[in-house]
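Chain naming here is simple, since letters A, B, ... match the order of the sequence lines and numbering starts at 1 in each.
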Amino acid sequence: MMAAENKGRTLGDHRRGFLLSVSYNGQLRKATMKFLSEDGRSVFLVDDPVDHKPYCLCKIPPEELEKEGELSSIPGVLGFERVTRFDALTQQEVTMTKIVAADPLSISGKPSGTVRSVMKEVWEADIPYVLNYVYDLNLRPGHHYVMGGDRPEISITDIGRAVKSKLEQILGSVPPEDREMIEKSAILLEQQIPNFLRVALDIEVRTSERNRLPDPNEPKDKVVAISLLDSDGSERSFLLVMPEQGHPPKDMLSNEKVKFFDNESEMILATFEALENYPIVVTYNGDNFDLPYLRNRARSLGIPDDRIPLKMGRDSADMRTGVHIDLYRFFLNRSIQIYAFNNAYKEATLDAISSALIGKGKIQISGSINELGYEELWKYCRNDAALTLELTSFDESLVMNLVVLLMRISRAPMEEIARRAVSSWIRSLFIALHRERGILVPNREDILKLKGELVTTAIIKGKKYKGAIVLQPKPGVHFNVTVMDFASLYPSVIARYNLSYETVRCPHDECKDNRIAELPHWACRKVRGITSSVIGTLRDLRVGFYVPLSREASSKLAMKKYEVAQRALKVFLNASYGVMGAENFQFYTPPVAESVTALGRLILTDVISEAQRLGANVIYGDTDSVFLERPSEEEIATLSRRASGKFDVKLNFEKEYRYVVFSTRKKNYFGVTEEGIVDVKGLIGKKSSTPAFVKEVFSETLSILSEVKDAKQFEEAKAKVAQILRDSVERLKSRQVPVESLSFNVMMSKNIEDYKNALPQHIKAAIMSSREGSAPSAGSVISFVKVRGKLGVKPTHIASPEEIDVDKYLQVFETTCDQFLEPLGIDISSKGKSSKLVDFM
DNA sequence: GCGGACTGCTTACCT
DNA sequence: ACAGGTAAGCAGTCCGCG
């Protein structure tokens, strides 16, 4: 149905659409734009109307290139063209040669037979062609377009009056040279986000041997169940009739949501047909399993390629017309996990993520999928598809909205957001800006050659340069503690001090005295750095516009909308400093990275010494925060003024604690706010790997302590705490605690065979587990208990209460409690050899 | 042969 | 493949020790 619709869609018909993506059509040797129709229900394709060609740049003049003929061995090369670019590193115009090719693979992407492989020095050859296309045509993925004239034109609607006045407000307070960019970005981000019709797909495969996982590269096993659920609420599940299961049950045969097939090919073809009706296909791990399995199985069943609507990449699977989003890849993204979802899920499994975000999990089955009957199999498969779908729709389609906002900010197609990490998104934005302004995109080596040196040394072995300051906390209980912190310290520093790859250690002699903190580096006074202006813009948009709007908006729905934008910007800002210090980042600039942290240290230490000069009691601070005991309003205001006046950085009142408890350890404390909310930082009792039993006692103890309002109430609380600890120790000793509550849960970050050094305990447990039949792999959380005996550990599911090493647990218990009881003057630690927990009782 | 000091590895956390 | 700083537990090594 949609395939037919795709034909005849041309420019000049004034149709409207929303730019999803750009793909490359190898037959036509052209880029193809994928647009979502205005109603969000289908995709139409528009082939490149301007005959754009792949290219890269070099510094050898065309005449010489033709003479030397080293490029003649590459048939795809079409010709050479003289062009000028601005080289930001030298701050000079350069004349370059554009080497134009008929197809992207003649430029780069293969080990040999490309321009990239035969030429010594080329520029912009490693930018994927479809991205080049986006940048050169100044396309804005995630925006509305009208098909008119000789190319699609972006279509922008007016933003509301209330939003406009808010925008004008912030424009008054930012540097004039940034105003235009901020205004334009705000208007673009404000554009309406469409409703995407989407379908979730999940398949089940029945393997011939019990414990073998199906392999997409050897699709010898039958696909037995396929579920498709869409955002309109329709659903279909296809089941293969299996001789060993007998006849399908009557009620399933009459269920219109279920269809049985005798023939697997027909079932797969029906699935392909269904998928083609959707602009967006959502899977969980479909890049590596569902889609490649379907494709390869279809092939092995003799289905011709032209009936398979998939386009396979090396480690990805795309739809030919629509867009495929693999939520596994998206949620695995660290930036998404941490900054967009506040670390709400720890493990990137469908079960863990859906449980954490929508409160629903996978259907638990006792044995293997192979043993399920028709009905169980159907329900299992359908439930997975339902969870996958819901992950895109919960919270007013938060995930889809987030994806679109990230597309808009990064200027990258939808697949880039779904599949690539934050450094690619930032790279995309930076390159787009270079193209827009006619600036040559520097090679990583160009920057490194000029600005490779580092002058600071890291505290941690193996790190490249010095980072932030962490103050030694003053141990003990502190009442009425105010926490102040700098708003987006590092992005602010980058913006304020003009830190960018071309402006730090710029070529101008006149700038050399504009030194950065205590470093020998200097920052340019003459030109605005590209990266510092873009990061400054994003920060101003977030801090001045979206954060206030997300708090003040008139409706709940509007607040949510601004909240998503605020978070999307946060993802970029949080990574903006880090990428400058990341070796693989295209714009990696060591002196920029160490300048950022040096300025951060300078600003923090300055504010702290000012606080001390004022007579305030600074009890702790970490990177961008200051903890003050009983400060006066006056002191708070003075410090804020100083930060703004001297460094142009906002120092905000963050929160006030009724009291805070510090030990001697850094990054380890808990605090109770006026409302009785307990903030726990870094303590063992909060760690995800700590046994549930210990965690429970920990939080019970804390909740007692949170009731404490003043110093004298501590005495009563101490008595209660002592009682809880006594009971818990008793329960441990008498082995009343179930083994499940004693399990440590530790992430296995590599596959078992990749542990080359001494085996950590969780890996020993993982090895035992795999001998028992289950096969943990990289990313799995290993559950184990500590037992008596040589190995010392055992997977939780095969351990019994009698073998538990009670002494070990008493020790864990002791360190956990000691972390916060010691500063309270409650001493339970063992000064001698044996645990003194008992003495404490 | 054993224990303490030390190092390196690994994980989880903080900013 | 965003960064560095901190804590903690475990495994292994070295050294001293009649």
Side-chain angles (χ1 to χ4, degrees), chain A residues 332-339 343 346 420-427 454 456-473 483 485-491 494 535 571-590 592-598 600-601 604 620-627 654 663-669 679-690 744-750 754-766 781-782 786 791-793 808 811-812 814-816 818-819 833:
Chain A
L332 191 65
N333 187 313
R334 293 282 291 162
S335 296
I336 295 299
Q337 183 179 357
I338 299 171
Y339 301 118
N343 247 327
K346 303 281 171 206
R420 312 284 304 276
V422 66
S423 61
S424 306
W425 306 341
I426 295 179
R427 176 186 187 234
L454 285 163
T456 59
T457 347
I459 292 175
I460 307 170
K461 204 186 273 185
K463 300 288 183 185
K464 301 185 287 281
Y465 58 91
K466 197 184 281 302
I469 290 176
V470 188
L471 300 193
Q472 194 62 58
V483 183
D485 69 7
F486 296 101
S488 301
L489 179 63
Y490 287 175
I494 291 173
I535 289 162
V571 167
F572 275 76
L573 290 173
N574 278 319
S576 63
Y577 141 73
V579 292
M580 296 300 180
E583 275 144 300
N584 290 315
F585 183 58
Q586 170 123 33
F587 301 89
Y588 171 49
T589 317
V592 168
E594 72 179 346
S595 294
V596 174
T597 55
R601 292 192 299 272
L604 185 69
Y620 183 59
D622 183 349
T623 312
D624 61 355
S625 64
V626 189
F627 288 58
E654 168 68 15
S663 66
T664 55
R665 299 164 189 85
K666 297 172 176 181
K667 298 184 190 282
N668 257 268
Y669 62 88
D679 274 351
V680 181
K681 301 290 178 185
L683 302 180
I684 300 173
K686 190 191 155 174
K687 287 191 159 189
S688 57
S689 51
T690 303
F744 289 82
N745 300 286
V746 178
M747 165 89 64
M748 183 168 95
S749 62
K750 303 179 277 194
D754 296 326
Y755 286 86
K756 309 280 184 214
N757 304 303
L759 295 179
Q761 290 194 319
H762 64 296
I763 305 308
K764 286 181 186 166
V781 171
I782 310 298
K786 306 210 176 188
L791 276 169
V793 291
K808 265 268 143 47
Q811 231 170 48
V812 170
E814 189 185 297
T815 17
T816 306
D818 201 40
Q819 273 193 345
K833 256 184 155 182

- Task: For a side chain to side chain donor-acceptor pair (under 3.5 Å) with Glu594(A), tell me which candidate from Thr456(A), Thr457(A), Thr589(A) qualifies.
- Result: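 For Glu594(A), the side chain to side chain donor-acceptor pair (under 3.5 Å) check succeeds only for Thr456(A).
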- With the sugar-phosphate defined as primed atoms, P, OP1 and OP2, and the base as all remaining atoms, what B/S/- string results for nucleotides 8-13 of chain B, 5' to 3', for protein heavy atoms under 4.0 Å? SSSSSS
Look up atom [atom1] in [X] and atom [atom2] in [Y], then write down how far apart they are to the nearest 0.5 Å.
{"X": "Asp485(A)", "Y": "Asp624(A)", "atom1": "CG", "atom2": "CG", "value": "5.5 Å"}
{"X": "Leu791(A)", "Y": "Leu759(A)", "atom1": "CG", "atom2": "CG", "value": "10.0 Å"}
{"X": "Tyr490(A)", "Y": "Ser488(A)", "atom1": "OH", "atom2": "OG", "value": "12.5 Å"}

Contact class for [X] vs. all strands (heavy atom < 4.0 Å): base, sugar-phosphate, or nothing?
{"X": "Leu759(A)", "value": "sugar-phosphate"}
{"X": "Ala582(A)", "value": "sugar-phosphate"}
{"X": "Asp485(A)", "value": "nothing"}
{"X": "Tyr465(A)", "value": "sugar-phosphate"}
{"X": "Tyr339(A)", "value": "base"}
{"X": "Ile459(A)", "value": "sugar-phosphate"}

- When you match Ala458(A) and Gly578(A) each to their closest nucleotide on DNA chain C, which lands nearer the 5' end? Gly578(A)
- Note on the structure: Whichever of Val812(A) and Ile469(A) has the more 5' nearest nucleotide on DNA chain C, that residue is Ile469(A)
Side-chain N or O of [X] closer than 4.0 Å to phosphate OP1/OP2 of [N]:
{"X": "Arg665(A)", "N": "dA8(C)", "result": "yes"}
{"X": "Ser423(A)", "N": "dC2(C)", "result": "yes"}
{"X": "Lys764(A)", "N": "dA11(C)", "result": "yes"}

- Query: Using 4.0 Å as the upper bound for N to carboxylate O, is an ion pair formed by Lys667(A) and Asp622(A)?
  - Reply: yes
Starting from [atom2] on [N], measure out to [atom1] on [X] and report it in whole angstrom.
{"X": "Ile494(A)", "N": "dC2(C)", "atom1": "CD1", "atom2": "P", "result": "16 Å"}
{"X": "Lys464(A)", "N": "dG5(C)", "atom1": "NZ", "atom2": "P", "result": "11 Å"}
{"X": "Asn574(A)", "N": "dG4(C)", "atom1": "CG", "atom2": "C1'", "result": "14 Å"}
{"X": "Phe744(A)", "N": "dG9(C)", "atom1": "CZ", "atom2": "C1'", "result": "9 Å"}
{"X": "Asn668(A)", "N": "dG5(C)", "atom1": "CG", "atom2": "P", "result": "18 Å"}
{"X": "Lys463(A)", "N": "dT6(C)", "atom1": "NZ", "atom2": "P", "result": "12 Å"}
{"X": "Asp622(A)", "N": "dG4(C)", "atom1": "CG", "atom2": "P", "result": "15 Å"}
{"X": "Leu489(A)", "N": "dT15(B)", "atom1": "CG", "atom2": "P", "result": "14 Å"}

- Of all pairs that satisfy side-chain hydrogen bond (donor to acceptor under 3.5 Å, both in side chains), the ones with a partner from residues 458-472 of chain A, not counting sequence neighbours: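 As it turns out, the side-chain hydrogen bond (donor to acceptor under 3.5 Å, both in side chains) pairs with a partner in residues 458-472 of chain A, which skip direct neighbours, are Lys464(A)-Glu583(A), Tyr465(A)-Tyr577(A).
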- Which listed nucleotide (dT15(B), dC2(C), dC10(C)) is nearest to the side chain of Gln761(A)? dC10(C)
- State, to 0.1 Å, how close Val793(A) and Ala765(A) come at their nearest heavy-atom pair, and which atoms those are. CG2-N, 4.2 Å
- Task: With sequence neighbours left out, write down each residue that passes side-chain hydrogen bond (donor to acceptor under 3.5 Å, both in side chains) with Ser424(A), or none if nothing qualifies.
- Result: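 Per chain and number, Ser424(A) pairs via side-chain hydrogen bond (donor to acceptor under 3.5 Å, both in side chains) with Arg420(A).
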